[in-house]
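Here the structure comes first, spelled out in structure tokens, and everything after it is commentary.
Everything quoted here is computed from the prediction, not taken from an experiment.
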Amino acid sequence: MNAARDLPRLGAVLAIGAMALLPMARLPAFYDSFLYLVFFWISLSTSWALLSGFAGYFSLGHAAFFGLGVYVTADLTTKFGWPFLATLPVAAALPALLALGIGAIVFRLRRLRGELFALLTLSVTFVIATIILNTPIDGGGGIFMSAVPLPDLMPTPTGTIYLLGFVLCVITLLIAWKVVHSRLGMGLFAIHDDEDVAEAKGVPTLRYKLTAFALSAGIAGAVGGVHAMYVGFITTSGIFELTVPLYVVLMSVLGGARSWFGPAIGATVITTLLYAFISGGEAMVGRAIVAVILISAILWLPEGFVPAVKQWLARHRRAPARAPLAEVAPVVPAARPVSDTVLLQVRGATKRFGGLQALGGVDLDVRQGEILGLVGPNGSGKTTLINVVSGFYPLTSGSVSVAGVEIGHLPAHEIARRGVARTYQIPRPFVNMTVLENVVLAATFGMEDSSPFRWGGGASPLSHFVRKWPIRDGGVMDDSSDAAHDPSVGVKRRHLPRRRGRKASEIRDEALHWIGFTGLAGKEDVLPAGLNLHERKFLELARALAARPKLLLLDEVLSGLNPAEVDNAIRLVRAIRAQGATIVFVEHLMRAVVELSDRVAVLNEGRLFALGAPRDVMRDPRVVSIYLGKAYAA
């Protein structure tokens with residue numbers, strides 16, 4: 001038995017059991033009702049955080065899904081004679097389906113984010129309330145629940161309501177915990193920070209947002225079904241009031257909306273304050289205090305109470321002694337000959353933005369193992385071509401194929417899973433994730449193992465070029481069965497396990513490898529805001545490499561670096577291609593273009609202007625003219 005691991009779990013199970021059986025003590029009904037309201041708000045605020053806190057899609061329409069659940073239970077029990085417990089699955093399912101229907105439309109429109117999404121969800125609340133009020137669902141007179149029998153789960157009716165609220169609260173917290181510690185949670189947090197980059201790194205953003213929205217709405221509907229029995233008399237004005245989403249938002253923000261347990265803390269504090277003042281006849285004082293707490297939280301705890309406590313503990317906790325990571329030093333062997341096989345094929349690639357044509361029918365072949373430099377004056381379409389190949393922009397017309405597979409009209413996450421990775425001209429890390437978490441996400445959602453492409457015969461491509469492997473405890477890998485010696489390079493080589501079914505520790509070790517390789521060792525726990533430009537550029541590169549791409553697209557990765565940093569970056573790029581990796585890079589630094597490129601493609605006004613050996617292209621008078629003018633070309 002592992003005491004450090006198992007004793008907290010045993011304590012949690014015993015505490016849950018004791019809380020579930022609390023009504024058996026036959027305490028006054030006041031305590032059952034008060035604790036039920038605490039569980040009620042915990043469930044609602046946590047369910048709101050699943051979408052709005054985790055993924056950043058701020059919703060003001062939670063009352064719509066909660067109210068729909070209330071009326072499903074009220075109508076099925078009073079008008080159709082359903083048993084109360086039998087209505088709860090339906091009360092959860094219908095709001096979840098409504099959320100899926102809304103999300104299937106809204107989440108496809110990039111402009112409906114932020115305040116527009118909040119206003120749209122708020123309008124959904126008014127629409128549903130109006131429909132219910134003006135149809136036989138309510139009819140305007142309200143619905144009495146007093147004749148609906150409660151199941152005898154506890155000795156008293158208030159005890160039964162307490163138990164149902166507690167069970168839903170526990171289930172909600174378990175769902176939130178599971179989401180946070182899963183690929184879904186990792187993807188949602190990435191969506192929160194930068195949805196476009198998350199998609200480019202392989203996160204299926206539409207599916208993840210729909211899942212979070214459905215979970216959020218379904219839990220709210222189930223909570224509403226139980227609350228219908230607690231209230232007893234249902235009216236649209238009481239159920240769809242604006243205070244429901246406002247309190248939910250306040251509780252989540254106060255506790256920490258990005259934490260699975262934060263909303264529970266906020267809900268407990270706010271509910272206790274409100275109940276204390278309302279029961280004492282000072283309801284307005286209670287609301288004023290809640291308003292002051294909200295203002296204070298915005299000013300001094302913008303991330304919420306739980307994240308603030310974690311940051312404080314991290315600052316005051318003595319850092320554990322950690323052996324230094326093994327040195328990672330690229331060893332660049334002679335490059336392999338470029339293959340005759342075409343890896344990237346672009347045919348007639350056209351991209352228009354309204355009346356502006358950014359690409360005007362580009363035809364380009366990139367061979368496997370090649371480094372292709374992509375140059376041209378500003379506005380020539382270089383980054384647009386990178387964006388089209390990576391799926392950030394859909395093609396207006398034409399086709400893009402990688403390894404013979406058409407990808408030009410696939411979403412960006414599907415393109416990433418087929419082996420295309422990219423960096424950004426201006427670094428776009430996930431700002432609320434550490435360096436390690438950024439790279440772990442890329443390693444988690446990177447290229448599918450089903451792809452026929454393997455760097456280094458199934459091993460990590462750069463593991464051939466490192467003198468030591470950075471193991472988490474600081475040790476150096478041994479000569480075990482899953483490590484081999486590569487005599488051609490003279491260094492040890494470790495075959496990484498397949499991505500599917502890999503343990504989190506294995507993914508973490510691989511992420512540490514790329515962090516060390518790009519020179520960021522020691523920065524694993526640093527947020528991107530604590531990195532300089534050079535380090536953020538190399539974080540972009542580490543994320544791209546962690547995805548194990550077939551095709552690596554580098555967008556001005558050398559811009560802004562000093563000469564020493566440029567030399568280091570050139571050495572890294574050579575190490576990447578030495579095992580046959582294919583690279584397309586956009587760059588204005590001509591020294592790097594000439595040193596690195598096998599061929600150079602020049603774009604001008606959205607069209608392929610010149611293509612050939614670097615020195616020949618750079619001396620072409622036509623190329624000189626588009627950069628410096630005809631006088632210089634002459």
Q: Measure from the side-chain N and O atoms of E510 to the backbone N and O of I507, and report whether any donor-acceptor pair falls under 3.5 Å.
A: no
(Q) Taking the side chain as everything from C-beta on, heavy atoms only, tell me whether I102 gets closer than 4.5 Å to T121. (A) no
Q | Set of ring pair (Phe, Tyr, Trp, His ring centres under 6.0 Å) partners for F538, sequence neighbours left out | A | H534
(Q) Between V269 and F305, does the side-chain contact (heavy atoms from CB on, under 4.5 Å) criterion hold? Intermediate values first, please. (A) CA-CA 11 Å; V269 171; F305 176 76; over 6 Å; no
**Q.** Under 3.5 Å: donor-acceptor pair, side chain of S559, backbone of E556
**A.** yes
(Q) Quick check: do T518 and L539 have side-chain heavy atoms less than 4.5 Å from each other? (A) no
Q. By ring pair (Phe, Tyr, Trp, His ring centres under 6.0 Å), which residues pair with F189, not counting sequence neighbours?
A. F54
Q: Not counting sequence neighbours, which residues clear side chain to side chain contact (heavy atoms under 4.5 Å, CB included) with L246? List them please.
A: L242
(Q) I'd like to know if the side chain of N438 reaches the main chain of P429, judged simply by a donor and an acceptor atom lying under 3.5 Å from each other, with no hydrogens or angles considered. (A) no
Q) Between S33 and F30, is there a donor-acceptor pair closer than 3.5 Å when you use the side chain of the first and the backbone of the second? A) no
Q. Would a distance-only check, ignoring hydrogens and angles, find a side-chain to backbone donor-acceptor pair under 3.5 Å from K201 to R422?
A. yes
Q | Check: F430 ring centroid to H192 ring centroid under 6.0 Å | A | no
Q: Output, in order, the C-alpha distance, side-chain angles, deciding distance and verdict of side-chain contact (heavy atoms from CB on, under 4.5 Å) for L210 and L206.
A: CA-CA 6 Å; L210 288 175; L206 177 60; 4.1 Å; yes
**Q.** Worked check of side-chain contact (heavy atoms from CB on, under 4.5 Å) between L512 and L436
**A.** CA-CA 7 Å; L512 286 171; L436 179 58; 4.0 Å; yes
Q) Cut-off 3.5 Å, side chains only: do H413 and Y208 have a donor facing an acceptor? A) no
Q) Any side-chain heavy-atom pair from K178 and W260 closer than 4.5 angstrom? A) no
**Q.** Non-hydrogen side-chain atoms of M433 and L441 separated by less than 4.5 Å
**A.** yes
Q | Nearest atoms (heavy-atom pairs only) where S45 meets A267 | A | OG-CB, 3.7 Å
Q: Decide, yes or no, whether a salt bridge links E195 with K209 under the criterion of side-chain N to carboxylate O below 4.0 Å.
A: yes
Q) Backbone N or O of W177 within a donor-acceptor pair of the H181 side chain at under 3.5 Å? A) yes
Q | Test side-chain contact (heavy atoms from CB on, under 4.5 Å) applied to I515 and K523, step by step | A | CA-CA 8 Å; I515 290 171; K523 303 283 187 178; 5.8 Å; no
Q: Please report the closest heavy-atom contact between I161 and Y230, naming both atoms and the distance.
A: CG2-CD1, 3.9 Å
Q. Between the side chains of D555 and T383, is a donor N or O closer than 3.5 angstrom to an acceptor N or O?
A. yes
Q. Is it true that K537 and E540 make a salt bridge, defined as a side-chain N closer than 4.0 Å to a carboxylate O?
A. no
**Q.** Rounded distance [0.5 Å steps], OH in Y393 versus CG in D196
**A.** 9.0 Å
Q.
Using side-chain heavy atoms (C-beta onward) and a distance below 4.5 Å, is R536 in contact with Y424?
A. no
Q: Please tell me if the side chains of L98 and I128 come closer than 4.5 Å, counting only heavy atoms from C-beta onward.
A: yes
Q: Could you check whether the rings of Y71 and F240 sit parallel, tilted or perpendicular, using 30° and 60° as the cut-offs?
A: parallel
Q) salt bridge (charged side-chain N to carboxylate O under 4.0 Å, His left out): which pairs involve residues 251-260, sequence neighbours left out? A) D193-R258
**Q.** Heavy-atom closest pair, residues P528 and V431
**A.** CD-O, 3.7 Å
Q: Enter the distance from Y31:OH to T158:OG1 here, rounded to the nearest 0.5 Å.
A: 13.0 Å
Q. Looking only at heavy atoms, what is the nearest atom pair of V124 and A64, with distance?
A. CG1-CB, 4.2 Å
**Q.** For F107, ring pair (Phe, Tyr, Trp, His ring centres under 6.0 Å) partners two or more places apart
**A.** Y57, F117, F213
Q. How long is the span from the CG atom in L109 to the CD1 atom in I105, to the nearest 0.5 Å?
A. 8.5 Å
Q: Sort out for me which residue in L168, T160, L163 forms a side chain to side chain contact (heavy atoms under 4.5 Å, CB included) with V226.
A: L168
(Q) Rounded at 0.5 Å granularity, tell me how far OH in Y162 sits from OG1 in T156. (A) 11.5 Å
Q) Side chains of S47 and H62: donor-acceptor distance under 3.5 Å anywhere? A) yes
Q | S216 side chain to A212 backbone, donor-acceptor under 3.5 Å | A | no
Q) Which residues satisfy the salt bridge (charged side-chain N to carboxylate O under 4.0 Å, His left out) test with E199, sequence neighbours excluded? A) none
Q.
Quick one, F39 and V223 - any side-chain contact, counting heavy atoms below 4.5 Å?
A. no
Q: Measure across G187 and V203 and return the closest heavy-atom pair with its distance rounded to 0.1 Å.
A: CA-CG1, 3.8 Å
(Q) Taking the ring of Y247 and the ring of W48, is the distance between their centroids below 6.0 Å? (A) no
Q. Can any side-chain N or O of W41 pair as donor or acceptor with the backbone N or O of T271 at less than 3.5 Å?
A. no
Q: Please tell me if the side chains of V253 and L250 come closer than 4.5 Å, counting only heavy atoms from C-beta onward.
A: no
(Q) Can you confirm whether F392 is buried at CZ, in the sense that more than 12 heavy atoms of other residues, nucleotides or ligands lie under 6.0 Å from that atom? (A) yes
Q. Would you say I426 has more than 12 foreign heavy atoms packed within less than 6.0 Å of its CD1?
A. no
Q. Which value, rounded to the nearest 0.5 Å, describes the distance between T268 atom OG1 and I42 atom CD1?
A. 3.5 Å
Q) Nearest 0.5 Å, what's the CD1-OG1 distance between I131 and T236? A) 12.5 Å
Q: Can you see which heavy atom on I234 is nearest to which on A74, and at what distance?
A: CG1-CB, 4.1 Å
